[in-house]
Amino acid sequence: MLDRNQLRRDPAAVRDALKVRNFHFDLERFAALEAARRGHQEQTEALQAERNARSKAIGRAKASGADITPLIAEVGDLGRRLETARQQFTAVQAELDGFLEAVPNLPDASVPPGADERDNVELRSWGERPAFDFQPKDHVDLAGAALDSEAAVKIAGSRFVVLAGAVARLHRALTQFMLDIHTQEHGYEEVYVPYLVNAESLKGTGQLPKFEDEQFAVSGDERYYLIPTAETPVTNLVRGEILDAADLPRRYVAHTPCFRREVGSYGKDTRGIFRQHQFEKVELVQIVEPGQSWQALDALTGHAEAILRRLELPYRAVALCGGDLGFSAAKTIDLEVWLPGQGQYREISSCSNFLDFQARRMMARYRDQASGRPHLVHTLNGSGLAVGRALIAVLENYQDGEQQVAIPTALRPYMGGALRLELARGG
RNA sequence: GGAGGGGUGGCUGAGUGGUCUAAAGCGCUGGUCUUGAAAACCAGAGGGGUUUACCGCCCCCCAGGGUUCGAAUCCCUGCCCCUCCGCCA
């Protein structure tokens, strides 16, 4: 949610800023709603003040033993008028809230212009892409029987997978490795969180109300949603809280499955496990003071990059252009890992600064030492990393041409010291 | 699933229709005193909205409805917590 004061002060600037992400901000509609809101609010509060004063007077008269019938008669239809005013106010307020909840965050000035991912800007790259003297296979061919899509289709449907044996273990090893590095070396606190959340939580991080059709909802007495990312439950830890400044920054890391409908991606990335309805992710979340968030974004991105470097996987960092930017983000840096099987860099992490956009929706605040007053925090998150995609990257970058895959040095302690994956030949 | 008891400020906790403008205690902040601290005494302190700002006004006693001139208090619904029983990874 954007700052209402900023919107009232300079709506045209907001409209112009949102053009960078190709969002049309309806200035006239906002002005009309805002004017109506103001009128109805003033009227409602004036009537409330009158009611309070009269009721109090009746109370005092009664206490002194006077006859209160004439006073009650004087109140007349005040109650009905107040009820009408209140209903109008509530209605216009709800409409204004609905309008504002659908407005995305303002992109930072450093966000490059552009329509889609082709306009993203490479910031840096790291590592040597492996030079194979053979035609590299993709992860599906490499994993063979250890990656069973047919079984998954039988059990669930498309965009699910069953992993087995050494590949399943590698998947777990990657998860443990990432958690250990982030907790032991990067100063994050590990948290275990619900995988089903309520609508309020999704609203807080910005997935609702606009992206209802991208979520899996669970039917039952309570309306629950499967989390699309750990960002949702973890960031909502601070929803409605007023934190001590001394408690900031908060750095959380969580490993969770993520569930996505992938409604807009029919026919896209259908081979293998690159794009699934269910996948695992190790997520980094930071809650920081407003002055610290840009620095925190660099640090957080660096923490995700550290995993790629230790796994010795070639990658590049790109700044998302305005058109590719997510709804809540002011700025996003994607990390893209080199996948020999696809011959291209693909997203494996997305690191974003949301400034106070999520915090305002969540009313997540901290008490400023100097003023003693609550202020909105800034929130950030990033994948550190997507586990399934890291699995793809390891398989494809560490293949040796003979249906063998070496295990990255950093992962060997998590694989019982093994040097290579035990993969069924020709599987 | 069954039976019962509860949700009031940072915490404990009073309040069962009208100066509630929410008691009191603890804790907190500032001051007096003191070399400093403690004690004592004095004072102060919640959140949100509206407003350029101030003053003011409005809202907030779990949440949403209702009754009433007036609701922390009465009624309905929901959520959450606690105790006991049952079931359960």
Side-chain angles (χ1 to χ4, degrees), chain A residues 1-14 30-31 33-101 192-204 218 220-225 233 236-247 257 356 358-377:
Chain A
M1 196 110 78
L2 298 177
D3 181 1
R4 279 162 204 249
N5 286 324
Q6 186 185 3
L7 273 164
R8 289 180 196 133
R9 226 179 293 122
D10 199 353
V14 170
F30 172 71
L33 284 171
E34 178 61 13
R37 184 230 97 220
R38 179 186 291 224
H40 287 123
Q41 182 165 0
E42 282 171 1
Q43 195 191 355
T44 301
E45 291 186 358
L47 288 169
Q48 282 173 328
E50 190 183 343
R51 179 205 59 193
N52 291 346
R54 286 185 184 275
S55 294
K56 218 153 262 184
I58 292 172
R60 274 194 301 269
K62 195 179 178 188
S64 69
D67 179 17
I68 58 169
T69 12
L71 288 172
I72 288 178
E74 260 179 48
V75 173
D77 64 346
L78 184 62
R80 261 193 312 111
R81 283 190 291 143
L82 174 56
E83 189 50 36
T84 306
R86 196 184 352 227
Q87 276 171 11
Q88 288 170 334
F89 176 46
T90 307
V92 74
Q93 185 79 277
E95 201 180 343
L96 183 58
D97 284 346
F99 173 80
L100 291 176
E101 273 168 5
Y192 170 82
V193 292
Y195 301 159
L196 296 177
V197 296
N198 55 36
E200 274 306 300
S201 293
L202 283 161
K203 211 165 123 182
V218 178
D221 293 341
E222 282 94 47
R223 181 77 167 174
Y224 287 129
Y225 296 86
N236 273 279
L237 284 171
V238 297
R239 169 152 57 89
E241 301 289 326
I242 300 178
L243 308 166
D244 283 344
D247 283 344
D356 60 12
Q358 294 181 325
R360 186 170 293 107
R361 290 175 157 243
M362 292 190 298
M363 282 299 271
R365 293 167 294 172
Y366 76 105
R367 199 173 292 282
D368 175 44
Q369 299 284 41
S371 68
R373 313 223 61 93
H375 294 295
L376 294 170
V377 297

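In what follows, chains carry the letters A, B, and so on, assigned in the order in which the sequence lines appear, proteins first and then strands, with residues in each chain numbered from 1. Note that this is a predicted model, so its numbers are computed, not measured.
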**Student:** Using the test salt bridge (Lys or Arg N to Asp or Glu O under 4.0 Å), find all partners of A:Arg4 that sit at least two apart in sequence or belong to another chain.
**Tutor:** A:Asp97
**Student:** Looking only at atom P, what distance separates B:G46 and B:G10, rounded to whole Å?
**Tutor:** 10 Å
**Student:** State whether the side chain of A:Arg51 and the backbone N or O of A:Gly79 hold a donor-acceptor pair below 3.5 Å, judged by distance alone.
**Tutor:** no
**Student:** Restricting to pairs with a member in residues 75-88 of chain A, which pass salt bridge (charged side-chain N to carboxylate O under 4.0 Å, His left out), not counting sequence neighbours?
**Tutor:** A:Asp77-A:Arg80, A:Asp77-A:Arg81, A:Glu83-A:Arg86
**Student:** In whole angstroms, how far is the P atom of B:U52 from the CG atom of A:Asp10?
**Tutor:** 15 Å
**Student:** I'd like to check the ring-ring contact (aromatic ring centres under 6.0 Å, His included) partners of A:Phe30; sequence neighbours left out, ordered by chain and number.
**Tutor:** A:Phe25
**Student:** Provide, to the nearest angstrom, the distance between the CZ atom belonging to A:Arg365 and the P atom belonging to B:G10.
**Tutor:** 12 Å
**Student:** Using a 4.0 Å heavy-atom cut-off, write out nucleotides 58-81 of chain B from 5' to 3' as B (base contacted by protein), S (sugar-phosphate only) or - (no contact).
**Tutor:** BS---------BS--------S--
**Student:** Across the strands shown, which category fits A:Arg4 at heavy-atom distances under 4.0 angstrom: base, sugar-phosphate, nothing?
**Tutor:** nothing
**Student:** By the 4.0 Å heavy-atom rule, please label A:Arg80 as base, sugar-phosphate, or nothing.
**Tutor:** nothing
**Student:** What residues, two or more places apart in sequence or in another chain, satisfy salt bridge (Lys or Arg N to Asp or Glu O under 4.0 Å) together with A:Asp247?
**Tutor:** A:Arg250
**Student:** Pick the closest RNA chain B nucleotide for A:Pro374 and for A:Arg60 by heavy atoms, then say which residue is nearer the 5' end.
**Tutor:** A:Arg60
**Student:** Show me the pairs that pass salt bridge (charged side-chain N to carboxylate O under 4.0 Å, His left out) and involve residues 58-76 of chain A, at least two apart or across chains.
**Tutor:** A:Arg54-A:Glu74
**Student:** Please state the C1' separation for the pair B:U8 and B:A72 - nearest whole angstrom.
**Tutor:** 7 Å
**Student:** Where the side chain of A:Lys56 is defined as all heavy atoms beyond and including C-beta, which of B:G47, B:U51, B:U21 is the nearest nucleotide?
**Tutor:** B:U21
**Student:** Distance check needed: B:G46 C1' versus A:Met363 CE, whole Å only.
**Tutor:** 13 Å
**Student:** Rounded to whole angstrom, note down the P distance from B:A23 over to B:A43.
**Tutor:** 15 Å
